[in-house]
Amino acid sequence: MQPRLQKLHECFTQTHQSEYSKDMEYSPADLEAKWQAYWQTHKKYEVRELEESSTKPKYYALDMFPYPSGAGLHVGHPLGYIASDVVARYKRHSGYNVLHPMGFDAFGLPAEQYAIDTGQHPAITTAQNIETYKKQLKKIGFSYDWAREVITAEPSYYKWTQWIFMQLFQAWYNQDAQKAEPIASLIAIFEQEGNKNVRAAHNEQTPVFSAQDWASFDEAQKAMLLLNYRLTYLAEAVVNWCPALGSVLANDEVKDGFSERGGHPVERKKMKQWMMRLTAYAERLLEGLNHIDWSDALKDIQRNWIGKSLGAELAFKVEHNNLELTVFTTRIDTIFGVTFISVAPESELISQLTAPAQAQQVADYVQKAKNRSERERQADVKTVSGAFLGTYAINPFTGEQVPIWVADYVLSGYGTGVVMGVPAADERDHRFAKHFGLPIRCIIEGTEDLANPTEKKTGCLINSGFLNGLHQTEAIQKAVDFIQKKGLGQGKINYKLRDAVFGRQRYWGEPIPVYYKNGAPFLLDEASLPLVLPEIDQFKPTESGEPPLARAKSWEHQGQYAYEHTTMPGWAGSSWYFLRYMDAHNQNTFVSKKKADYWGQVDLYMGGAEHATGHLLYSRFWNLVLFDLGYLSHAEPFKKLINQGMIQGRSSLVYKRRDADIFVSYKLRQADTANDYQELHVDVSLVSNDLLNVEAFKKWRPEYESAEFVLDNGKFECNWQVEKMSKRWYNVVNPDDVIARYGADALRLYEMFLGPLEYSKPWDTSGIDGVSRFLRKLWRSCIGREGECLVAEAEATEKENKILHTLIKRVREDLDRFSFNTVVSSYMIALNELNALECKNKMVFEQFLILLSPFAPHIAEELWQRLGHSESILDEPFPIFEAKYLAESGFEYPVSINGKMRASIWLANGVSAEEAQIKTLALEKVQAWLDGKALKKCIFVPNKIINLVI
RNA sequence: GCCCAGGUGGUGGAAUUGGUAGACACGCAGGACUUAAAAUCCUGUGGCUGAAUAAGCCGUACGGGUUCGAUUCCCGUCCUAGGCACCA
């Protein structure tokens, strides 16, 4: 614990452990340690796969495992863990065989950056951080089966990450079968007929060869050709290069031209890289979303990222040339509005398309456009630039001549890298045409008089030949039919999704199990896995810019062939860890088919939405590949997924006058407009209920030792604001401190009580008093001042049963819809009501404790024992709701007049509408409101409401 | 710019299918117990008018609409957070 908190903490623990001995007083520190030790020694959370004869259904509750950072956990991290633990425990009470594991995503940049700075091996830093995390997690009382812990950086784990890489390498995507197949079946086709007729996901510039050609190739040539088809392949590609990190990054690791980790600038660079053929699965990744229970928001993020668009590809002939330009468009219906064609600056056709007179100008422009960094291009999206090539293409629909331009708004990587310019229907084309004075031809009815015709994008077509009068969908259909009949092109689906870069020029990652022979990559034997990360003297790149692994001494395959020097990215290990938990110690395979089939899909996956386009996409991809190859029986790994919100910090702010060392209490500052104030963040541990502990503040900030503090009514009030929990704002709250003061049960209850799981909400430590009070109240309801048990066997009264069953109903219903916050409040309501009745019924409290135990397992175990049980509460069946206890003989109806609640009336069940009306009208209050006016209508909804219209 | 989610007291939030808006909790105010404090318990607490624990008016971002009845459904506007962003 930080020293400044130490004092505060001592002060609190003193008051809490005052006059009573431990047996009498609710003392979370003691009983939580006791039960955590009990669970561990009795292995209460170790789970086994069950025999087929067992009737217990399985349930797999999973948390996104953490990257163990040096800072340790703050109270925001366990939010999702607590929720999934509540579900895991609830399912266990409900008779499920529950798998609830935890592990660590242990490869990653921070440990490596630290290694570069200090020379400390990242394995050591990582191991230390994992220890800290585990200690913190264990204090919260999770029901994790630690015997199944996985750590991605351990050779026994990454052996299988490498093995999966090998499966991807040895597979190709058969588009006829719509699935991955072993590469052997592709080689068989090549031997038979070459690659002419193969329908496979492959690289663009794959040469065409015959069976004879294939037979004549040597080993290295064959290896290079097969790379064009493998699901993981080595290719020259434009990648996101981050000079500060010395590594390439995947698209999801780059945000607005900066690296997501560290915020360093990222450049586009052409490099030879290991890639994953993610695009082969674009359609299935999209389609699979329809079969899983994820939030629509998250599915939308993935859908947008995959970016499917339906369109058409068609060829424009180039004048005085044999070339054809193929364009991709989603609006082929606007073809009659084409007034120019533009190609991307990266296009290899430019030199052939450029007229000699324009050559210099075009070369200059292309050079300039290529030199612009990704960041520059993104920064001024609105700047229009381009150059005329001096040549023309022919619009196949009209036979018209249209000029060909090069323009940097055209992306080489999307579609065909050629755009048909329709300035009357597309904003970018419009901007371009305006800037260069190209003609704009309106082709949609009602746009002729608009200053900017692109404001109206749909409507009846005009000036469009045989498409005139048609609407968008019909016109597209007719135009596509036309180009297909004429052989000009065809309907085409396009995806934004790109293949994922898989190599990283870093040390702290899984070595890629590949060596090079005659320049071609070859896989290691399965028997030589794992390929262990070699020791190196420094963790930096070599002087010549090679990745750190190039520093490894005599690290060669069979003593002669160089190993691959890049390592796998952070997402490799996390793309399959959920499978390893099922069979964590298997030495023979990554997961046995039997166990994978037993546990099947993850029933509940809890984690942050920030992984939407990274981890959650890559995991689905690997799972699909393993499914295709027959290792798994389910295509989608995560059946239900919940994104917990972020816990934000609640920062405390004080105000200091700029002209002097004078701090002024918040409200006085607000009233004072004459002076200018500086706003300062203060550590939230120095503030309680927005009141600053001035003496503690002076100790924390010695430079203000002699500053003046202007108090308001003897108190110094702070302002507050919600922002990200971060050391920088001094608003980080450590769960260890909260547990030391209130206990893990209170922490668990409070995190759930804060609000709906999916919401982001601020952490306000003062609110935890409420749940802490609730737990103490519960304790005192069961345990007397001498430590004696206060509850006894008795027949429960009608009222007690009603309270209990109301609670059972709410807890079950709310847990089934993952509404954790309302469950906590229903515990409070029930306890308040039982206490009002002075209930001391043993059965009622026993049932209450079982209902509570998923949220507050320690106190539930302790009181369960003190109520006379020798067995743990963990496997007690969850209470069953019985409607008979809630039955009422009537209902207290609210009576509203013209929709406003004015009175109420108790009516027996089964009362007729007529009788209800008569009785309601007889009410004095109703008579006063009627005031002689006629009743127009009476609405009677049984057990809901009576509404009188006058 | 586009897509998506949301906007309810001083604060976190509740109201599951359109049916008593503000449950539960924090905070605040007052009281009891105590030498005192802590802890505990009790009472009050959306705003306005009012002496009132009489009565009424207003009130779920704002403006309309549908309905006997709208926090909930529909249309428009504003704001906040997230995602995407020359994707043809």
Side-chain angles (χ1 to χ4, degrees), chain A residues 11-12 14-16 18-19 25 255-256 295-305 307 309 311 327-331 334 342 377-378 380-384 407-411 413-422 425-429 431-432 494-497 609-610 612-613 643 645-646 650 689-690 720 750 753-756 758-771 773-774 776-777 780 810 813-814 817 819 821-822 824-829 832 892-904 928 936-939 941 943-950:
Chain A
C11 165
F12 284 119
Q14 269 167 20
T15 54
H16 275 280
S18 52
E19 27 195 315
E25 184 83 331
K255 283 241 148 78
D256 302 322
S295 72
D296 288 333
L298 194 73
K299 287 184 183 181
D300 278 343
I301 293 174
Q302 287 213 347
R303 285 191 188 111
N304 287 339
W305 188 261
S309 46
V327 304
F328 173 74
T329 175
T330 56
R331 290 298 304 272
T334 63
S342 42
R377 271 174 85 154
Q378 283 180 0
D380 62 0
V381 154
K382 291 276 134 74
T383 311
V384 176
D408 75 350
Y409 80 87
V410 183
L411 302 175
Y414 184 78
T416 58
V418 184
V419 169
M420 60 179 216
V422 186
D426 182 277
E427 269 126 85
R428 290 149 311 183
D429 296 343
R431 242 186 290 133
F432 192 80
N494 233 308
Y495 301 92
K496 279 199 260 181
L497 189 71
E610 66 273 20
T613 52
N643 294 125
M646 279 213 302
R650 188 181 187 277
N689 288 332
D690 292 331
W720 60 273
Y750 185 52
F753 184 61
L754 270 177
E758 297 90 336
Y759 285 23
S760 285
K761 57 245 163 188
W763 176 273
D764 182 1
T765 300
S766 56
I768 201 172
D769 285 322
V771 293
R773 252 169 231 160
F774 160 75
R776 290 202 294 271
K777 250 190 256 180
R780 284 196 312 271
R810 285 202 59 183
E813 285 176 357
D814 289 359
R817 64 188 175 104
S819 172
N821 55 326
T822 52
V824 180
S825 70
S826 58
Y827 294 139
M828 292 172 170
I829 293 167
N832 287 344
E892 180 82 21
Y893 284 87
V895 177
S896 53
I897 294 167
N898 290 336
K900 286 208 191 277
M901 199 334 226
R902 299 296 181 188
S904 64
K936 282 193 192 135
K937 202 170 175 185
C938 173
I939 288 107
V941 186
N943 290 318
K944 278 268 156 78
I945 202 166
I946 298 166
N947 189 20
L948 303 173
V949 187
I950 55 177

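Lettering follows sequence order; numbering is per chain, from 1. All figures in this text were calculated on a predicted structure; none of them were measured in a lab.
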Could you pull out all residues at least two apart from [X] that satisfy side-chain hydrogen bond (donor to acceptor under 3.5 Å, both in side chains)?
| X | result |
| --- | --- |
| Lys777(A) | Asn832(A) |
| Thr613(A) | none |
| Asn494(A) | none |

Quickly work out the [X] [atom1] to [N] [atom2] distance and round it to whole Å.
| X | N | atom1 | atom2 | result |
| --- | --- | --- | --- | --- |
| Lys936(A) | G69(B) | NZ | C1' | 14 Å |
| Tyr414(A) | A88(B) | OH | C1' | 7 Å |
| Asn832(A) | U40(B) | CG | P | 13 Å |
| Lys761(A) | A5(B) | NZ | C1' | 15 Å |
| Glu25(A) | U40(B) | CD | C1' | 11 Å |
| Tyr495(A) | A88(B) | OH | P | 14 Å |
| Glu758(A) | G82(B) | CD | P | 18 Å |
| Arg810(A) | U16(B) | CZ | C1' | 10 Å |

Base, sugar-phosphate, or nothing: which does [X] touch, judged by heavy atoms less than 4.0 Å apart?
| X | result |
| --- | --- |
| Ser309(A) | sugar-phosphate |
| Lys777(A) | sugar-phosphate |
| Ile939(A) | base |
| Val941(A) | base |

With sequence neighbours excluded, what pairs up with [X] under the salt bridge (charged side-chain N to carboxylate O under 4.0 Å, His left out) test?
| X | result |
| --- | --- |
| Asp690(A) | Arg650(A) |
| Glu610(A) | none |
| Arg303(A) | Asp300(A) |
| Asp769(A) | none |

What's the closest nucleotide to the [X] side chain, out of [options]?
| X | options | answer |
| --- | --- | --- |
| Arg780(A) | G83(B), U40(B), G19(B) | U40(B) |
| Pro756(A) | G13(B), G12(B), G19(B) | G13(B) |
| Lys496(A) | C68(B), A23(B), C84(B) | C84(B) |
| Ile945(A) | A88(B), A23(B), U20(B) | U20(B) |
| Met828(A) | C24(B), C84(B), A14(B) | C24(B) |
| Glu813(A) | U16(B), G12(B), A88(B) | U16(B) |
| Arg776(A) | C24(B), U40(B), U20(B) | U40(B) |
| Thr330(A) | C86(B), A88(B), U11(B) | A88(B) |
| Arg817(A) | G13(B), A88(B), A15(B) | A15(B) |
| Pro894(A) | G13(B), U16(B), U20(B) | U20(B) |

RNA chain B: 5'-proximal contact among Arg650(A) and Val824(A) (nearest heavy atom):
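The residue whose closest nucleotide sits nearer the 5' end is Arg650(A).
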
I'd like to know if Asp300(A) reaches the base of C4(B) with its side chain such that a donor and an acceptor end up less than 3.5 angstrom apart.
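Side chain to base: no pair present.
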
Using the [atom1] atom in both, what is the distance from [N] to [M], to the nearest Å?
| N | M | atom1 | answer |
| --- | --- | --- | --- |
| A54(B) | C41(B) | P | 29 Å |
| G7(B) | U45(B) | C1' | 24 Å |
| G13(B) | C2(B) | C1' | 32 Å |
| C33(B) | U17(B) | C1' | 49 Å |
| A38(B) | G44(B) | C1' | 24 Å |
| G59(B) | A70(B) | C1' | 14 Å |
| U71(B) | A23(B) | C1' | 15 Å |
| G69(B) | G82(B) | C1' | 36 Å |

If you take all heavy atoms of Arg810(A) and Ser825(A), which pair is closest and at what distance?
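The answer is NH2-OG, 4.3 Å.
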
List the residues meeting side-chain contact (heavy atoms from CB on, under 4.5 Å) with Asn898(A), not counting sequence neighbours, and say none if there are none.
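Asn898(A) satisfies side-chain contact (heavy atoms from CB on, under 4.5 Å) with Val949(A), Ile950(A) once adjacent residues are dropped.
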
side-chain contact (heavy atoms from CB on, under 4.5 Å) with Met828(A): which residues, sequence neighbours excluded?
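Partners of Met828(A) under the side-chain contact (heavy atoms from CB on, under 4.5 Å) test: Phe753(A), Val771(A), Phe774(A), Val824(A).
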
Result of checking Leu948(A), Asn947(A), Ile946(A) against Ile897(A) for side chain to side chain contact (heavy atoms under 4.5 Å, CB included):
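Result for side chain to side chain contact (heavy atoms under 4.5 Å, CB included) with Ile897(A): Leu948(A).
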
Within residues 895-903 of chain A: residues closer than 4.0 Å to RNA chain B (heavy atoms):
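Within residues 895-903 of chain A, the residues near RNA chain B are Gly899(A), Met901(A), Arg902(A).
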
Quick one: stems involving RNA chain B, counted as three or more successive Watson-Crick or G-U pairs, both distances short of 3.5 Å.
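So the stems come out as B:1-3 with B:82-84, B:5-7 with B:78-80, B:10-12 with B:24-26, B:27-32 with B:40-45, B:46-49 with B:55-58, B:61-65 with B:73-77.
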
Taking the chi torsion of G65(B), is it syn (within 90° of 0) or anti (everything else)?
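Nucleotide G65(B) adopts anti.
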
Answer yes or no: is there a donor N or O on one side and an acceptor on the other, between the side chain of [X] and the main chain of [Y], under 3.5 Å?
| X | Y | answer |
| --- | --- | --- |
| Ser904(A) | Pro894(A) | no |
| Asn304(A) | Gly307(A) | no |
| Tyr893(A) | Asn943(A) | yes |

Quick check on G12(B): is either OP1 or OP2 less than 4.0 Å from any side-chain nitrogen or oxygen of Asn821(A)?
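So the side-chain polar atoms of Asn821(A) never come under 4.0 Å of the phosphate oxygens OP1 or OP2 of G12(B).
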
Can you confirm if the aromatic rings of Trp763(A) and Tyr750(A) lie within a centre distance of less than 6.0 Å?
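Between Trp763(A) and Tyr750(A), which both carry aromatic rings, the centre distance is below 6.0 Å.
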
Between protein and nucleic acid, restricted to nucleotides 26-33 of chain B and to nitrogen or oxygen atoms under 3.5 Å apart, what atom pairs and distances do you find?
| unit_1 | atom_1 | unit_2 | atom_2 | d |
| --- | --- | --- | --- | --- |
| C26(B) | OP1 | Arg773(A) | NH1 | 2.3 |

